[in-house]
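Just so it is clear, the values below take in all heavy atoms, side chains as well, and ignore hydrogens, waters and symmetry mates.
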Amino acid sequence: MTTVPYRFDQTSSAGEVVERWSGLAAGEESGDQVSVAGRVMLARPQGKLGFAELRDSSGAVQLFALDGVTRDFDAFRRLRLGDWVGASGEVVRTRRGELSVKVADWVLLAEARRPFGDKWRGVTDVETRFRQREVDLWANPESRRTLLMRSQLVRRMRERLWDMGFVEVETPILHPIPGGAHARPFATRFRALDMDVYLRIAPELYLKRLVVGGFEKVFEIGRLFRNEGMSPRHNPEFTTLELYQAYADYHDVMVLVEDLVSGLALDVLGSTSLTYQGRPLDLTAPWRRATLTELVAGQTGLDVSVRTPREELEKWARDAGVEVERSWGPGKLLLELYEKTTEGELWDPVFVYDYPKEVSPLARAHRDDPLLAERFEPVVAGRELGNAFSELVDPDEQLARFEEQVAARDAGDEEAMAVDTDYVRALEHGLPPTGGLGLGIDRLAMLFSDAAHIREVISFPMMRPERAEGEGRGGGEVGDDGEVGDDGEGPGGDREGGRRRGPGG
RNA sequence: GCGCCUCUAGCUCAAUGGCAGAGCAACGGACUCUUAAUCCGCAGGUUCCGGGUUCAAGUCCCGGGGGGCGCACCA
């Protein structure tokens with residue numbers, strides 16, 4: 001049984017050593033003593049010498065051991081790849097020019113009992129990479145960089161919002177009524193009150209209640225849960241930024257979004273011009289603005305609008321491959337047509353705005369057109385990055401919209417919203433004109449890290465449980481557990497881009 | 001849910017239906033300046049599982065499982 005110490009005093013990180021003694025000449029000895037710690041990633045024992053690459057979170061530095069200088073040299077040269085080591089000694093540069101810590105004393109901090117991946121090719125097996133993410137992170141520097149970039153992205157996002165005067169808040173994750181989006185929830189049971197509760201599908205309604213309470217600029221960065229499918233762009237739990245700003249409308253929010261996203265690109269990547277999946281992508285503000293109607297018309301050549309007769313819209317939607325449902329109105333048909341024909345073709349950032357009111361139950365009606373809502377989605381690289389609008393502030397109209405949702409639910413729409421009387425009551429206390437936004441942080445991190453799959457930007461993405469050998473599937477009932485929307489028929493989820501709302505149509 | 005692809009040593013990968021192999025890692029050894037060190041030696045397998053066809057199956061067929069991609073779904 002190996003015993004390892006309870007602590008180790010580092011004087012420097014590997015990166016600091018490399019940086020600080022960068023001027024040391026080959027063969028030169030600095031006379032300075034350091035203590036470093038990390039994992040042995042490569043080992044090159046050579047007779048009475050030994051070289052090892054020690055990596056920590058800051059970088060890597062070579063350990064240089066010599067028989068007669070290094071304590072317990074024989075044990076040192078038996079170190080295996082993956083072992084954690086703390087070492088102290090003089091900073092030197094070897095004759096061959098590699099900056100090194102000439103190890104005088106060292107201690108094993110942890111033993112790697114499982115073999116490490118291929119030292120040159122790393123670990124590529126997708127299942128290993130994500131079921132054992134710790135292995136992936138050590139073996140594949142790109143995986144570390146991606147998660148680190150995400151951390152910086154979220155950090156800078158917070159800092160920028162704080163600097164703009166937004167107050168960061170936390171709202172409940174357990175909701176008595178799942179609201180604020182159009183999605184199936186995960187359900188669970190709260191014993192003390194003998195009631196069903198739901199993991200939130202959006203924080204929207206609570207955040208707007210905080211605006212009613214006087215928080216004029218609020219935001220929350222947090223996890224949302226949607227009981228729908230998985231795909232390269234969907235994980236059942238994902239992270240969003242949601243924010244609300246009193247006295248603002250959706251045009252103000254557009255400016256906020258383009259400034260925030262392009263600013264974050266500068267902060268984190270140093271440029272607003274990036275490459276995503278081999279294609280150049282320019283996030284420089286200002287972004288193009290175009291109405292949903294004109295984009296669909298431009299893409300399809302059809303003369304469409306929310307006023308196009310339903311029969312025509314239905315035909316065009318069917319022609320585009322949409323499986324039309326009878327209950328859909330013109331707004332829903334137009335939205336389907338847009339998503340089928342146009343959204344995926346939009347590459348550089350564009351604010352797609354003025355959605356049908358029919359599909360936007362929490363958005364305020366358009367000031368110039370009662371059939372539209374003041375809603376937009378920022379679309380980048382063919383995907384929604386978020387969802388935003390001038391918030392619906394009128395309690396009577398909100399109640400009416402909720403009731404339309406209930407009608408849709410009764411008609412079979414399992415994702416339609418329920419009436420949230422607490423929320424309507426809050427609106428009766430007065431919600432000032434407010435602009436709101438939901439922004440998918442995973443999707444943004446995908447863009448910034450050039451990731452094709454959402455799991456790359458999530459530390460531990462959802463995976464199907466591993467089955468014991470020979471367990472097979474036959475008898476068990478692991479499948480539909482129940483609670484609310486089990487079975488989730490398809491994957492897909494919705495867009496994590498933001499809050500998803502829709503009407504009931 | 002449907003279609004296509006895939007699963008071989010710890011890792012990364014080979015093997016026309018004909019003796020299951022290599023590199024790295026591991027293990028033993030050599031080496032006082034290595035850089036994916038090099039060299040010598042040794043060991044390593046339920047070829048995802050279960051059936052079938054065949055003189056012979058990692059390879060072909062059927063069923064199941066894991067994984068990937070696409071579609072569908074996901075307003």
### Query
Counting only non-hydrogen atoms, which of residues 295-308 of chain A are less than 4.0 Å from RNA chain B?
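When residues 295-308 of chain A is checked for heavy atoms under 4.0 Å from RNA chain B, there are no hits whatsoever.
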#### Entry: Sub-4.0 Å heavy-atom contacts from residues 47-67 of chain A onto RNA chain B, ordered by number
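RNA chain B contact set from residues 47-67 of chain A: A:Gly47, A:Lys48, A:Leu49, A:Phe51, A:Gln62, A:Phe64.
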### Closest non-hydrogen atom pair between A:Ile458 and A:Arg133, with its separation
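The answer is O-NH1, 2.5 Å.
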### Query
What's the shortest heavy-atom distance between A:Leu109 and A:Val85, and which atoms?
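Where A:Leu109 meets A:Val85 most closely, the heavy atoms are CD1-C, 3.6 Å.
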### Pairwise C1' distance for B:A9 and B:G58, with rounding to whole Å
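Per the computed distance, 14 Å lies between those C1' atoms.
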Nearest-Å distance for atom pair [atom1]/[atom2], residues [X] and [N]:
X	N	atom1	atom2	answer
A:Glu98	B:A37	CD	P	12 Å
A:Met230	B:A72	CE	P	19 Å
A:Asp74	B:G29	CG	C1'	13 Å
A:Arg113	B:A26	CZ	P	17 Å
A:Arg93	B:U35	CZ	C1'	13 Å

### Query
Are the charged groups of A:Arg307 and A:Asp369 less than 4.0 angstrom apart, N to O?
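Looking at A:Arg307 and A:Asp369, the cut-off is met.
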### Salt-bridge contact A:Glu311-A:Lys315 (side-chain N to carboxylate O under 4.0 Å)
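Salt bridge flag = no for A:Lys315 with A:Glu311.
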### Message
Checking A:Glu142 now: which residues fulfil side chain to side chain donor-acceptor pair (under 3.5 Å) with it, not counting sequence neighbours?
### Response
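For A:Glu142 the side chain to side chain donor-acceptor pair (under 3.5 Å) partners, ignoring immediate neighbours, are A:Arg145.
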### Query
Are any side-chain N or O atoms of A:Thr291 and backbone N or O atoms of A:Glu294, one a donor and one an acceptor, separated by less than 3.5 Å?
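Confirmed, A:Thr291 side chain pairs with A:Glu294 backbone.
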### Message
Using only atom types and a distance under 3.5 Å, with no angle test, would you say the side chain of A:Arg93 pairs donor to acceptor with the backbone of A:Ser22?
### Response
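Yes, because the side chain of A:Arg93 sits within donor-acceptor range (under 3.5 Å) of the backbone of A:Ser22.
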### Query
Can you name the residues that form a side-chain contact (heavy atoms from CB on, under 4.5 Å) with A:Pro236, not counting sequence neighbours?
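Per chain and number, A:Pro236 pairs via side-chain contact (heavy atoms from CB on, under 4.5 Å) with A:Phe186, A:Met230, A:Met462.
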Taking only N and O in the side chain of [X], is any of them less than 4.0 Å away from OP1 or OP2 of [N]?
X	N	answer
A:Gln46	B:C31	no
A:Arg455	B:G68	yes
A:Arg80	B:C27	yes
A:Arg44	B:C33	no
A:His453	B:G68	no

Looking at the side chain of [X], which of [options] is the nearest nucleotide?
X	options	value
A:Leu42	B:A72, B:A37, B:C74	B:A37
A:Lys340	B:A25, B:C74, B:A72	B:A72
A:Val126	B:G67, B:C74, B:A37	B:G67

### Message
On RNA chain B, does the nearest nucleotide to A:Glu325 precede the nearest nucleotide to A:Leu81 from the 5' side, or the other way round? Give the residue.
### Response
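Comparing both residues, the 5'-ward one is A:Leu81.
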### Query
When Watson-Crick pairs (N1 to N3 and N6-O4 or O6-N4) and G-U wobble pairs (N1-O2 and O6-N3) count only below 3.5 Å on both distances, what is the dot-bracket string of RNA chain B, with | for other-strand pairs?
(((((((..((((....[..))))..((((.......))))......(((((..]....))))))))))))....
### Query
Quick one: salt bridge (Lys or Arg N to Asp or Glu O under 4.0 Å) pairs with a partner in residues 67-76 of chain A, sequence neighbours left out?
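Output for this query lists A:Arg71-A:Asp105.
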### Message
Once salt bridge (Lys or Arg N to Asp or Glu O under 4.0 Å) is applied, what residue pairs with a partner in residues 18-38 of chain A remain, sequence neighbours excluded?
### Response
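Checked against salt bridge (Lys or Arg N to Asp or Glu O under 4.0 Å) - neighbours excluded - the pairs reaching residues 18-38 of chain A are A:Glu29-A:Lys102.
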### Task
Check salt bridge (charged side-chain N to carboxylate O under 4.0 Å, His left out) between A:Arg289 and all other residues, then give those that pass, not counting sequence neighbours.
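Testing A:Arg289 for salt bridge (charged side-chain N to carboxylate O under 4.0 Å, His left out), a comparison that skips the adjacent residues, returns A:Glu258.
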### Query
Residues in salt bridge (charged side-chain N to carboxylate O under 4.0 Å, His left out) with A:Arg364, at least two apart?
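With neighbours one apart ignored, the set is empty.
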### Task
Could you walk me through whether A:Thr308 and A:Leu334 pass the side chain to side chain contact (heavy atoms under 4.5 Å, CB included) test, one step at a time?
CA-CA 9 Å; A:Thr308 304; A:Leu334 180 60; over 6 Å; no
Exercise answer: donor-acceptor pairs, residues 54-62 of chain A side-chain atoms, under 3.5 Å, sequence neighbours excluded:
from	atom 1	to	atom 2	distance (Å)
A:Arg55	NH1	A:Trp138	O	3.4
A:Arg55	NH2	A:Glu53	OE2	3.4
A:Asp56	OD1	A:Ser58	N	2.8
A:Asp56	OD1	A:Ser58	OG	2.6
A:Asp56	OD1	A:Gly59	N	3.2
A:Asp56	OD2	A:Ala14	N	2.8
A:Ser58	OG	A:Ser13	OG	3.2
A:Ser58	OG	A:Ala14	N	3.3
A:Ser58	OG	A:Gly15	N	2.7
A:Gln62	OE1	A:Arg44	NH2	3.0
A:Gln62	NE2	A:Ser100	OG	3.0

### Message
Under 4.0 Å, heavy atoms only, any strand: does A:Pro45 hit a base, just the sugar-phosphate, or nothing?
### Response
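Base, at least one base heavy atom under 4.0 Å.
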### Message
Just to be sure I understand the rule, does A:Lys102 reach a base, reach only the sugar-phosphate, or reach nothing, if contact means heavy atoms closer than 4.0 Å?
### Response
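No contact.
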N/O-N/O pairs, protein side and nucleotides 7-11 of chain B side, under 3.5 Å:
from	atom 1	to	atom 2	distance (Å)
B:C11	O2'	A:Asp118	N	2.8
B:C11	O2'	A:Gly122	O	3.1
B:C11	O2	A:Asp118	OD2	3.4

### Query
Which residue pairs satisfy the ring-ring contact (aromatic ring centres under 6.0 Å, His included) criterion with at least one member in residues 34-68 of chain A, sequence neighbours excluded?
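Applying ring-ring contact (aromatic ring centres under 6.0 Å, His included) to every pair that reaches into residues 34-68 of chain A, excluding sequence neighbours, yields A:Phe51-A:Phe64.
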